[in-house]
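Shown next, in C-alpha cells, is the structure this report addresses.
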Amino acid sequence: MKLSIDRQDQQVTATLGETRLDAAIATAFKDRLRDIIHEAPGLVVLDLRHVTFMDSSGLGAVISVLKSLPADRRLQLNNPTPNVRRVFRLTHMDKVFTIVPPLEPEAEGASP
C-alpha cells in the first residue's frame with residue numbers, strides 16, 4: 001500500500017497513492033492511519049486524489065479512523081474524486097466528514 005506522509009507544525013497530510021480503497025487494502029490502510037493520527041498534531045488531512053474506487057470496506061476503514069481520533073484531533077478529507085464523493089454522498093457520510101473538494105480547473109480562454 002502506498003501512503004505518503006507530510007508532517008507540518010499543526011497538520012499531517014496522508015496521501016493515499018492507490019487507485020482503489022477496497023477490501024484488499026482496507027485493514028492495512030486503517031492500521032497505518034491509526035498509527036499516524038496518534039503522533040499527529042491537531043489536523044489530519046487524508047488526500048484521496050488518486051482514489052478512483054472505494055467500496056464499503058474502504059469507507060468502513062475511513063469511518064473507523066474517524067472514530068479512533070483523540071478528542072483534540074480532526075480528520076479532513078481532501079481532493080476526493082467524483083466516484084469517491086459519490087460514495088460519501090450516497091451513504092450520507094458527507095454530513096459526518098469535512099470534505100474539501102479539488103479546485104475546479106479554470107475554463108480555457110476565460111478572462112480573469
Going only through I, L, V, M, F, W and Y residues with side-chain contacts under 4.5 Å, is there a path from [X] to [Y]?
X    : Y   : value
L21  : L59 : yes
V100 : M54 : no
V45  : F29 : no
I37  : L43 : no
L77  : F53 : no

Side-chain (D22) to main-chain (D55) donor-acceptor, under 3.5 angstrom: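 A pair under 3.5 Å: no.
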Between R73 (side chain only) and A40 (backbone N and O only), is there a donor and an acceptor less than 3.5 Å apart?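 Answer holds: yes.
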Going by heavy atoms in the side chains, are [X] and [Y] under 4.5 Å from each other?
X   : Y   : result
F97 : I63 : yes
P80 : R89 : no
S68 : K30 : no

According to the side-chain hydrogen bond (donor to acceptor under 3.5 Å, both in side chains) rule, which pairs have a member within residues 40-49, sequence neighbours left out?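 For residues 40-49, and leaving out neighbouring residues, the side-chain hydrogen bond (donor to acceptor under 3.5 Å, both in side chains) pairs sorted by first residue read D47-R49, D47-N79.
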What is the distance from atom [atom1] of [X] to atom [atom2] of [Y], rounded to the nearest 0.5 Å?
X   : Y   : atom1 : atom2 : answer
R32 : L16 : CZ    : CG    : 12.0 Å
R34 : L69 : CZ    : CG    : 10.0 Å
I36 : T13 : CD1   : OG1   : 10.5 Å
T15 : I5  : OG1   : CD1   : 7.5 Å

Testing the basics here: between A26 and G58, what is the closest heavy-atom pair and its distance to 0.1 Å?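 Closest approach of A26 to G58: CB-N, 4.2 Å.
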Check whether more than 12 heavy atoms from other residues, nucleotides or ligands sit under 6.0 Å from atom CD of Q8, and answer yes or no.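 Check passes, neighbour count above 12.
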Please identify which of these residues, I99, T98, L46, meets the side-chain contact (heavy atoms from CB on, under 4.5 Å) condition with Q76.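 It is T98; the other options fail the test.
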side-chain hydrogen bond (donor to acceptor under 3.5 Å, both in side chains) partners of R74, counting only residues at least two apart: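 If we apply the side-chain hydrogen bond (donor to acceptor under 3.5 Å, both in side chains) test to R74, skipping adjacent residues, there are no hits.
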